Structures are given as structure tokens and as C-alpha cells.
Amino acid sequence: MSEGEGLQNGGADEDGGVPFFVNRGGLPVDEPTWERMWTYVARIHPDGENLAQSIRGAPELPRVPIPCVPVLPAGASVPERVEAIQRYIRELQYNHTGTQFFEIKKTRPLTGLMDLAKEMTKEALPIKCLEAVILAIYLTNNISGLERFPISFKTQFSGGCFRHIVLGLHWSGHFGAMGMSRREGLMYKPLRHRTLNDLLTDFQEAYSRCWHTLRKVKIGRYVSHDPHSVEQIDWKHSVLDVQELGVEGLRRELERHSREMRLRITKGPPSPPKERKRDITSSPQRGQSSPHRRERSERRSSGEKPSDSNSLSDLNSYQIRV
């Protein structure tokens with residue numbers, strides 16, 4: 001149900017307050033990671049040691065079905081596509097092995113995370129909630145009009161802190177979510193909620209049924225649909241303390257966040273960085289030669305004989321064509 005921050009050397013993270021390991025060696029899994037997984041099974045499962053020996057000593061094991069990435073007809077609606085993708089994510093199953101198979105670095109550019117998601121579809125291994133978010137972004141990239149944004153939760157139960165993350169969705173005035181969890185109510189939410197506050201209330205009620213108290217919510221900006229984008233995902237544009245804000249305060253903050261995101265869509269893609277913007281504003285109009293090119297041409301001609309007017313006009317026309 002939860003996805004925590006990195007803890008210590010060797011790739012340990014937290015899953016519901018319980019440390020789990022991250023496979024940093026890639027696939028196929030190396031021998032130390034493999035042995036560590038079996039040690040975890042022997043410690044956690046009620047019949048762990050015997051179970052591990054029976055599986056490892058079996059001459060033949062049944063084949064595990066490999067889920068196929070859904071291929072939908074062009075006429076399928078957005079909710080139908082979202083539901084099919086969520087069904088595929090669920091078929092991969094939740095990872096109970098104590099080791100997260102794919103290392104997700106939140107600071108990686110989007111293009112690198114999409115390459116990792118592609119590998120997830122190839123390997124078809126069980127995943128945790130953060131892996132599910134990256135996979136859902138990858139599989140929904142080609143759904144026009146569907147906006148995606150990360151939603152992170154921090155809850156408290158029995159003195160421990162728990163973290164979880166899903167991919168929020170916004171389409172045609174409706175909100176929903178996709179993801180992976182051990183709890184059915186903490187992953188998929190159909191595109192039926194009229195406001196972001198309604199969606200968060202749904203999650204809060206689901207947490208209440210698990211006797212968890214929602215403490216904090218982090219909501220990111222909309223994620224680019226360009227799989228080759230080098231920008232990073234904004235994971236926490238709005239950080240909301242649920243207990244401090246109260247019901248009305250939380251509703252106002254969620255409305256403000258939704259408004260910001262709508263304005264961002266209306267204005268189109270984000271403006272270029274300041275350095276680039278200065279270059280753009282100082283760039284020459286068509287039909288004029290660039291100051292940089294003039295500077296280079298002056299440097300080139302500094303030690304040469306002056307050219308006649310015809311050769312200069314030829315040079316200028318060449319610069320215009322370039």
C-alpha cells in the first residue's frame with residue numbers, strides 16, 4: 001500500500017513502515033539479490049522455510065501467465081482505455097517479495113522513466129505503487145485530452161507512518177486515478193468525480209475503512225505526453241497538511257490547484273527558460289542577418305583584404321538563406 005523514501009545503503013525503502021529492498025543491479029536478478037529474496041520469504045511466510053525449499057527443489061514449476069499490454073480499437077472511449085490499462089496493471093499483481101524489481105529515481109528525466117516503463121512491460125514482473133505510476137504514465141501517453149498528475153499520501157496507523165502514491169487523472173471535467181495497492185480502494189478510481197476534492201475525499205474514506213488517518217497529500221503538476229521529454233516530473237507542486245487545513249481549507253487548496261492546472265493547459269506549453277527567452281527575443285527577424293553571424297564574419301575578415309561591394313552583398317544573401 002505504501003511507497004517510502006530511500007533509507008540506507010543497499011537499496012532499502014519502506015513499505016508501510018516495513019523496510020523493503022530495491023533491486024539496483026538490473027535484470028536478470030543477480031545471485032545476492034535472489035538469495036536475499038528467499039531469506040525474506042523464509043522470515044515472513046508462516047511456512048516460509050519449507051515453502052522456499054519446496055519451490056527451489058521442485059524439478060518443474062507451473063508456467064506463470066504473462067499479461068499482455070492492452071491494444072484497444074481507435075474508437076474506444078477514454079474511460080474504456082483507462083479501465084483496460086488499469087486491468088493490465090492489476091494483472092501484473094502486487095509485489096510481495098520484499099524487493100522492488102525496478103529502481104525508480106524520481107529525479108530522472110521523463111524519457112529515462114519511460115524507457116524503464118517499457119522494460120516493465122517486457123519483463124511483466126509484480127510491481128509496487130511507484131512503479132505502477134510510471135507504468136500508467138507510459139501507457140496513457142497516447143490518450144489525447146487525458147491529463148495525468150501524481151498524488152502522494154502520508155497516513156498514520158498504530159503509531160507508524162505509511163506512504164502511498166497513485167496517478168491522478170483529469171479528463172472532460174472528471175477526475176479519477178490509477179495505480180497499484182494491496183487495498184482495492186486505494187488504487188483505481190474511475191473518471192466519475194466532478195472535482196479534485198471529491199477524488200481526495202474518496203481516498204480519505206478508503207483510508208478510514210483501513211483505520212488510517214490521512215495526514216498529508218502532495219499533488220504534482222500535469223505530466224508531459226512527450227515520452228522523449230527531458231523534463232522531470234513535478235511530484236509535489238502542492239503540499240497539503242490535511243489536519244491543519246481542515247475540510248474547508250483542504251477544499252479551497254484543491255480548487256486552487258485545479259485552477260492553476262487549467263490555466264496551464266489554456267496557456268499551452270510552459271515558456272522557455274530565461275536564457276533561451278533572451279536569445280529568442282534578440283533573434284533577428286527574417287531577412288536580417290544575425291548579430292552573432294556578423295560578429296563571426298567580421299572576425300574572419302579582420303586579417304584579410306577588404307572585399308568589394310558585390311562580394312559583401314553575396315555574403316549577406318548567403319547569411320539570409322542560412
Side-chain angles (χ1 to χ4, degrees), residues 1-3 15 22-23 26-29 62-97 99-104 106 108 110-153 164-172 174-193 199 202-203 206 220 222-228 233:
M1 178 170 59
S2 18
E3 191 69 42
D15 186 2
V22 176
N23 171 35
L27 296 170
V29 175
R63 287 184 173 273
V64 177
I66 299 176
C68 296
V69 177
V71 179
L72 295 173
S77 67
V78 170
E80 288 172 341
R81 294 185 182 190
V82 168
E83 186 176 358
I85 292 169
Q86 177 63 51
R87 190 162 51 245
Y88 166 75
I89 291 174
R90 187 185 281 110
E91 287 172 356
L92 291 176
Q93 300 186 17
Y94 188 87
N95 183 355
H96 294 279
T97 65
T99 298
Q100 181 175 300
F101 293 119
F102 302 94
E103 183 184 8
I104 308 293
K106 289 185 174 181
R108 284 188 73 181
L110 187 59
T111 179
L113 294 174
M114 295 301 94
D115 289 341
L116 192 59
K118 189 175 182 180
E119 187 178 358
M120 290 183 206
T121 62
K122 177 184 174 183
E123 300 294 341
L125 292 170
I127 57 178
K128 290 181 177 290
C129 57
L130 183 56
E131 294 163 299
V133 166
I134 301 302
L135 182 58
I137 292 172
Y138 172 73
L139 295 174
T140 56
N141 270 338
N142 62 347
I143 303 181
S144 178
L146 179 69
E147 301 298 339
R148 299 83 42 83
F149 56 98
I151 308 175
S152 304
F153 304 94
H164 179 49
I165 187 168
V166 297
L167 184 67
L169 307 173
H170 183 216
W171 170 78
S172 189
H174 293 80
F175 289 88
M178 304 172 69
M180 175 65 84
S181 173
R182 289 175 290 192
R183 302 285 186 176
E184 187 68 28
L186 297 176
M187 40 198 276
Y188 175 56
K189 303 292 182 183
L191 287 160
R192 297 173 184 166
H193 299 81
L199 177 63
D202 193 334
F203 275 105
Y222 289 160
V223 179
S224 170
H225 282 260
D226 179 8
H228 306 294
I233 295 174

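All of these numbers come straight from a predicted model, not from anything done at the bench.
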TODO: Begin with the C-alpha distance, continue with both residues' side-chain angles, and end with the deciding distance and a verdict on side-chain contact (heavy atoms from CB on, under 4.5 Å) for Ile127 and Tyr94.
DONE: CA-CA 5 Å; Ile127 57 178; Tyr94 188 87; over 6 Å; no
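- Side-chain atoms of His174 come within 3.5 Å of backbone N or O of Ser172 as a donor-acceptor pair.
- Here the NE2-CG distance, from His225 to Leu110, works out to 10.5 Å after rounding to the nearest 0.5 Å.
- Between Arg182 atom CZ and Gln93 atom CD the span is 14.5 Å, to the nearest 0.5 Å.
- No side-chain N or O of Asp226 forms a donor-acceptor pair with one of Ser224 less than 3.5 Å apart.
- The two atoms that bring Ala136 and Ile89 nearest to each other are CB-CD1, 3.9 Å, heavy atoms only.
- Side-chain atoms of Glu80 come within 3.5 Å of backbone N or O of Ser77 as a donor-acceptor pair.
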Task: Worked verdict on Thr140 versus Met178 for side-chain contact (heavy atoms from CB on, under 4.5 Å) - done: CA-CA 10 Å; Thr140 56; Met178 304 172 69; 4.1 Å; yes
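- Not one N or O on the side chain of His170 forms a donor-acceptor pair closer than 3.5 Å with the backbone of Tyr222.
- Here the CG atom belonging to Leu167 is positioned 12.0 Å from the SG atom belonging to Cys129, to the nearest 0.5 angstrom.
- Looking at Thr99, its side chain never comes within 3.5 Å of a backbone N or O of Phe101 through a donor-acceptor pair.
- In this structure, OG on Ser181 lies 12.5 Å from CD1 on Ile165, to the nearest 0.5 angstrom.
- Heavy-atom minimum distance, Cys68 versus Tyr88: O-CD1, 3.2 Å.
- In the displayed structure, Ile66 atom CD1 is contacted under 6.0 Å by at most 12 heavy atoms of other residues, nucleotides or ligands.
- Figure legend: cation-pi geometry between Lys189 and Phe175 absent, as NZ or CZ is not positioned both under 6.0 Å from the six-membered ring centre and within 45° of its axis.
- Going from atom CE of Met114 over to atom CG of Leu139 covers 9.0 Å, rounded to the nearest 0.5 Å.
- Put simply, CE on Met180 and OH on Tyr188 are 14.0 Å apart, with the number rounded to the nearest 0.5 Å.
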- [ ] Might you work through the side-chain contact (heavy atoms from CB on, under 4.5 Å) test for Leu169 and Leu146, ending with a clear yes or no?
- [x] CA-CA 7 Å; Leu169 307 173; Leu146 179 69; 4.1 Å; yes
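- Shown here for Ala206 and Gly185, the closest heavy-atom pair between the two residues is CB-O, 3.4 Å.
- With contacts defined as side-chain heavy-atom distances shorter than 4.5 Å, the pair Leu125/Met120 does not qualify.
- Listed here is the closest heavy atom pair of Pro150 and Val223: CD-CG2, 4.2 Å.
- Considering all non-hydrogen atoms of both residues, Ala124 and Leu92 come closest at CA-CD2, 3.8 Å.
- At distances below 3.5 Å, at least one donor-acceptor pair connects side-chain atoms of Arg148 with backbone N or O atoms of Ile137.
- Aromatic ring orientation, His164 versus Phe153: parallel (interplanar angle below 30°, classes split at 30° and 60°).
- Salt bridge Glu184/Arg90: present, at least one basic N to carboxylate O contact under 4.0 Å.
- Remark: the backbone N or O of Trp171 is not paired with any side-chain donor or acceptor of Glu147 at under 3.5 angstrom.
- Although no hydrogens or angles enter the test, the distance criterion places a donor-acceptor pair under 3.5 Å between the side chain of Glu131 and the main chain of Phe102.
- In this structure, Thr121 and Leu135 approach most closely via the heavy-atom pair CG2-CD1, 3.6 Å.
- In this structure, Ile85 and Pro70 have side chains that are in contact, with non-hydrogen atoms separated by less than 4.5 Å.
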Task: Residue pair Met187, Arg183: steps toward the side-chain contact (heavy atoms from CB on, under 4.5 Å) verdict - done: CA-CA 7 Å; Met187 40 198 276; Arg183 302 285 186 176; over 6 Å; no
